[in-house]
4 protein chains.
Amino acid sequence: MPDPAIQLFSVTAGSTEPIYRQLVEQVTRLVASGTLQPGQSMPSVRELAGALAVNPMTISKAYSLLETSGVLERQRGIGMLIAQHSNNTRKIDRRIELLTPTLNKLIFEANQLELDADTVIAQLTSMLKGPAQ
Amino acid sequence: MPDPAIQLFSVTAGSTEPIYRQLVEQVTRLVASGTLQPGQSMPSVRELAGALAVNPMTISKAYSLLETSGVLERQRGIGMLIAQHSNNTRKIDRRIELLTPTLNKLIFEANQLELDADTVIAQLTSMLKGPAQ
Amino acid sequence: MPDPAIQLFSVTAGSTEPIYRQLVEQVTRLVASGTLQPGQSMPSVRELAGALAVNPMTISKAYSLLETSGVLERQRGIGMLIAQHSNNTRKIDRRIELLTPTLNKLIFEANQLELDADTVIAQLTSMLKGPAQ
Amino acid sequence: MPDPAIQLFSVTAGSTEPIYRQLVEQVTRLVASGTLQPGQSMPSVRELAGALAVNPMTISKAYSLLETSGVLERQRGIGMLIAQHSNNTRKIDRRIELLTPTLNKLIFEANQLELDADTVIAQLTSMLKGPAQ
DNA sequence: GTGGTCTAGACCACT
DNA sequence: GTGGTCTAGACCACG
């Protein structure tokens, strides 16, 4: 039976962002939000590689990095689990911290575009609360 | 006499973003905001390379891409200048269009973090209008 | 095993046309004619550079431009291949479109030479259908 | 009074073809066709430079090359004249010879596009005899 | 293995 | 003076 958590992940092949890093960041965010719970098992490398149509080594690289950063734990014979000591889960500060780099990027670009704060906020609001997405 | 426009540009050597692309995006934004005006001449390749302490070929690559995308025009034997047909200059739609990819990235990440619209907007507002930054 | 497609390419070092652009135009035409098929992989940069006796960066520059123009797609870690969405392949309109600049050049020159249409066509016909060439 | 021959020349700034070479080839063709007659005077460097909005040195370079190739003659105190010994004028072989490089280019490109002789000739015919030019 | 980036330096073409 | 092209070679990122 396929792991239902697989549906949480998606990668864009044509992106400038490397596939393994897309995965690393997605898992990190999903753990921080509590969507992935401590102790929960991750899909196997082969399973996820098949579902995303990428090279298994790419998945393996992402898992290794996540293990190094303490987000995942390797259970021999079982696979990868979300780390137990995730004291980060659903902490609002942690989640905002993860969003900060992109917020900074947004502000830098808005400055060079000479878009004022109100315009940026209005645009973001309409995209967040508008039709879909 | 050095071109005063040189001060507008800055690159981060250690970034994952290639230097030439940092330049391409900066110039694109500065033209869209009207900070760089149509007909204005760009610093020479060698001059900018010296100021940013990078290889002239790196600047040249950025200029070539900007010519391809229609932001710059090449005047043979003279140098590069901001393209004349700049229907882009200070048009608000154009500026928001350039900001959209980063806005989309922000929204995607906020969703995975399960941060609601109000929280994201509040955080952005405080960063935009707050004391520092 | 060397990629057999290598034989399709040839460059003239002494030409006024830069090597990288000779390659760009050749690949564009070979894709339009269907000689290179969508999904087919291109020779690696190093392989083609060796075969044509040019610097790998020259090949790389051509590939980058072809990616920008949508003729090639980059498969990271794998190589370059002919773009899939090749709505161009063997379409007669596309092929004539690629020939148009040279046709226009021919007509402009014939006009200045005061060579009438029949003379130009006769000359072209003999060169196309004659013994040599 | 401005030299009426000025109207015969035109240069495209954005072309890949250098301006001075556009001029050289145009003069060569106009002499071969007899549009410019032996003994006829060319516009002065400054006059032509002003009319075409290019650097006088560019015109001067073109004139020098045309003098070297025997198409123009320099008359001290008067300016440049079309060379007297133009035994080439209106000779059909000479005119076809000047058209040959472009004809060869056309054939090479048509081959790579796998456009057959009839298609190329049909297209050229419609462009030569069709609506306008 | 793949392509991408950058450097250092030479040489060329154009104005 | 300007930018463009190419080389040789190093190093990196990705799969």
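Letters go in sequence order (proteins before strands), and every chain restarts at 1.
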Any C/Ile107 side-chain heavy atom under 4.5 Å of C/Asn111 side chain: yes
Decide yes or no for A/Ile82 and A/Met42: does some side-chain heavy atom of the first lie under 4.5 Å from some side-chain heavy atom of the second? yes
On DNA chain F, check which nucleotide each of C/Ile78 and B/Gly79 is closest to and give me the residue with the more 5' one. B/Gly79
Quick one: on DNA chain F, does C/Arg76 or B/Ser44 contact a more 5' nucleotide (nearest heavy atom)? B/Ser44
Among residues at least two apart in sequence or on other chains, which ones pass side-chain contact (heavy atoms from CB on, under 4.5 Å) with [X]?
X	value
C/Thr68	none
A/Ala62	A/Tyr20, A/Leu23, A/Val24
B/Pro43	B/Asp3, B/Ile6, B/Phe9, B/Glu47, B/Leu48, B/Tyr63
B/Pro56	B/Val45, B/Ala49

Students often get this wrong, so: under 4.0 angstrom with heavy atoms, is [X] touching a base, only sugar-phosphate, or nothing?
X	result
A/Val54	nothing
B/Asn55	base
C/Arg74	sugar-phosphate

Reading DNA chain E in the 5' to 3' direction, which nucleotide is the first one with an atom under 4.0 Å from a heavy atom of chain B, and which is the last? E/dT5 to E/dT15
Starting at CD of A/Glu17 and ending at P of F/dG15, how long is that distance when rounded to a whole Å? 11 Å
Could you walk me through whether D/Gln22 and D/Thr12 pass the side chain to side chain contact (heavy atoms under 4.5 Å, CB included) test, one step at a time? CA-CA 8 Å; D/Gln22 292 180 46; D/Thr12 308; 4.0 Å; yes
Contact check, residues 57-68 of chain B vs DNA chain E, heavy-atom distance under 4.0 Å, returns B/Met57, B/Thr58, B/Lys61
Interface residues of residues 19-29 of chain B with DNA chain E (non-hydrogen, below 4.0 angstrom): B/Ile19, B/Tyr20, B/Arg21
Using the closest heavy atom to pick a nucleotide of DNA chain E for each, name whichever of B/Gly77 or C/Gly77 lands nearer the 5' end. C/Gly77
Should D/Arg21 and D/Glu25 count as an ion pair when the cut-off is N to O under 4.0 Å? no
Distance-only check: which donor-acceptor pairs under 3.5 Å involve side-chain atoms of residues 71-80 of chain C, not counting sequence neighbours?
residue	atom	partner	partner atom	Å
C/Arg74	NH1	C/Glu67	OE1	3.0
C/Arg74	NH1	C/Glu67	OE2	3.2
C/Arg76	NH1	A/Ser15	O	3.3
C/Arg76	NH1	A/Thr16	O	3.3
C/Arg76	NH2	A/Glu17	O	3.2

For DNA chain F, list all stems, counting runs of three or more consecutive pairs where every pair is Watson-Crick or G-U wobble with both distances under 3.5 Å. E:1-14 with F:1-14
For the student: nearest non-hydrogen atoms of [X] and [Y], plus distance:
X	Y	value
D/Leu113	C/Ala32	CD2-CB, 4.0 Å
B/Gly70	B/Ala83	O-CB, 3.3 Å
C/Leu52	C/Ser10	CD2-CA, 4.3 Å

Under the side chain to side chain donor-acceptor pair (under 3.5 Å) definition, can you give me all pairs with a residue in residues 26-35 of chain C, not counting sequence neighbours? C/Arg29-D/Gln112, C/Ser33-C/Thr35, C/Thr35-D/Glu114
